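What you see is a predicted model, and the numbers here were worked out from it, not measured in a lab. Start at 1 with the first residue, then count along the sequence.
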Amino acid sequence: GVVGEPGPGGRAAARMSLDGVREAYDAAADGWVRGPEAVYERLALAMLARTPVPLVDARVLDVGAGTGVVSRAALTLGASVAVASDLSMGMLGRRCAGVAAAVADATRLPFADQSFDVVAAGCCLGHLPDPVEALREAGRVSGGVVASAFAPGWTHPAKSAIDQVLQGFGFVVPSWYARLKLEVEPAVDDPDALARLAEAAGLVEVDVAVVAVDAGLRTPDELVAWRFGMAHLAAFVDTLSPDVQAAARTACAAAVATAPALVIPLIVLSARS
């Protein structure tokens with residue numbers, strides 16, 4: 001089951017990264033499983049390949065877990081225990097069997113010191129206004145930390161093409177997403193800056209690398225499913241009638257018909273506590 005749901009007046013709720021983020025991810029859960037999850041599975045494997053602690057028989061805490069793709073990847077690679085933590089109950093509800101879950105704030109984890117061998121934070125630090133505090137908490141509850149973020153300036157033609165088509169159907173970029181891109185993500189999307197954040201959090205043996213990850217998407221329909229399931233788009237897509245949604249999918253697929261393969265430059269941080 002899912003444990004530890006923070007109440008609306010609790011400290012965890014007050015520490016949400018941005019207004020609307022948790023609600024957006026709750027609403028996006030179904031679309032996420034149909035599209036982005038496959039991409040994030042590949043990103044998870046690339047991140048875990050650089051973990052500072054061996055994963056075989058390890059206890060892994062997956063912070064900012066979403067649907068638990070990092071947890072699932074860790075178990076596949078030999079971890080003995082994987083716990084998924086996130087503020088979105090909607091996302092956690094789509095995790096796979098065998099993964100425990102806790103609704104938890106990344107900056108205030110409900111676990112004792114050194115409860116885990118590894119904390120893995122897949123592409124979630126860019127959602128937090130205080131990544132140093134989250135990294136400090138990760139070090140408190142584990143012996144090793146591995147985290148990832150998207151490289152600065154990374155984009156793909158499908159992103160702007162699909163957004164532009166959907167704007168013709170009435171899509172407006174949510175304010176929380178605009179703030180995320182402008183104010184929060186830049187704090188962690190530079191390798192040197194991310195290393196300094198880890199050191200400020202008291203982590204040691206800090207290593208940061210940039211790896212190219214083949215997302216595995218090969219067709220226009222796969223690119224559209226990836227984008228339609230992203231949290232800033234999913235809620236809007238769900239408001240469209242079936243006929244209009246089908247028309248939007250067709251138009252978006254046409255817009256990305258000649259788009260290149262999706263290869264994502266991923267920053268991976270590895271450190272010990």
Side-chain angles (χ1 to χ4, degrees), residues 21 24-25 28 31-51 62-74 76-77 86 91 120-128 131 145-166 173 177-178 180-182 184-195 197-198 207-234 252-253 255-270:
V21 176
Y25 277 88
W32 187 275
V33 171
R34 292 192 297 268
E37 187 175 82
V39 173
Y40 280 78
E41 285 175 349
R42 297 220 174 186
L43 296 174
L45 290 169
M47 178 184 69
L48 291 175
R50 300 188 65 84
T51 181
D62 176 8
V63 170
T67 58
V69 293
V70 171
S71 299
R72 183 162 62 243
T76 299
L77 294 171
D86 201 294
M91 296 289 276
C123 299
C124 71
L125 294 179
H127 289 67
L128 305 173
V145 177
V146 63
S148 61
F150 296 108
W154 171 78
T155 190
H156 183 273
K159 297 174 71 175
S160 58
I162 289 173
D163 280 11
Q164 186 172 354
V165 170
L166 289 180
V173 177
Y177 184 74
L180 190 87
K181 292 296 180 182
L182 290 174
V184 185
E185 284 190 356
V188 300
D189 72 358
D190 175 79
D192 293 336
L194 184 56
L197 293 178
D207 177 75
V208 180
V210 179
V211 297
V213 182
D214 181 350
L217 306 186
R218 294 292 181 266
T219 70
D221 286 344
E222 289 172 339
L223 288 171
V224 172
W226 162 53
R227 298 310 298 167
F228 274 30
M230 296 298 289
H232 71 293
L233 289 174
C252 287
V256 299
T258 60
L262 179 60
V263 178
I264 300 173
L266 189 72
I267 301 172
V268 182
L269 163 73
S270 172

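Proximity of a side-chain donor or acceptor of D86 to a complementary backbone N or O of A65 within less than 3.5 Å is detected. Here the side chain of S270 pairs a donor or acceptor atom with the backbone of R50 at under 3.5 angstrom. Using a distance-only test at 3.5 Å, with no hydrogens or angles considered, no donor-acceptor pair links the side chain of S148 to the main chain of V268. Formation of a donor-acceptor pair under 3.5 Å by the R34 side chain with backbone atoms of A225 is not found in this model.
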Run the side chain to side chain contact (heavy atoms under 4.5 Å, CB included) check on M47 and Y40 step by step: do they pass?
CA-CA 10 Å; M47 178 184 69; Y40 280 78; over 6 Å; no
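For the residue pair P220 and A257, the shortest heavy atom distance occurs at CG-CA, 3.9 Å. The heavy-atom pair separating D62 from G68 by the smallest distance is OD2-CA, 3.7 Å. The shortest heavy-atom contact between R227 and L233 is O-CD1, 3.2 Å. Scanning all heavy atoms of the two residues, the minimum distance from V256 to A161 falls at CG1-CB, 4.1 Å. The shortest heavy-atom contact between D190 and A193 is OD2-N, 2.8 Å. P157 approaches P260 most closely through the heavy-atom pair CG-CD, 3.9 Å.
The shortest side-chain heavy-atom distance between L197 and L269 does not fall under the 4.5 Å cut-off. Residues L166 and F228 are in side-chain contact: their nearest non-hydrogen atoms beyond the backbone lie under 4.5 Å apart. The closest side-chain heavy-atom distance from P152 to I267 is below 4.5 Å. A 4.5 Å side-chain heavy-atom check between V210 and P191 finds at least one atom pair inside the cut-off.
Within the model, atoms CG of L77 and CG of L48 stand 6.0 Å from one another, a figure rounded to the nearest 0.5 Å. Going from atom CZ of R72 over to atom CD of E37 covers 4.5 Å, rounded to the nearest 0.5 Å. The distance from the CZ atom of R42 to the CG atom of L266 is 13.5 Å, given to the nearest 0.5 Å. Atom CG of L262 is separated from atom CG of D214 by 8.0 Å, given to the nearest 0.5 angstrom.
Between Y177 and H232, the angle of the ring planes stays under 30°, which puts this pair in the parallel group of the 30/60° scheme.
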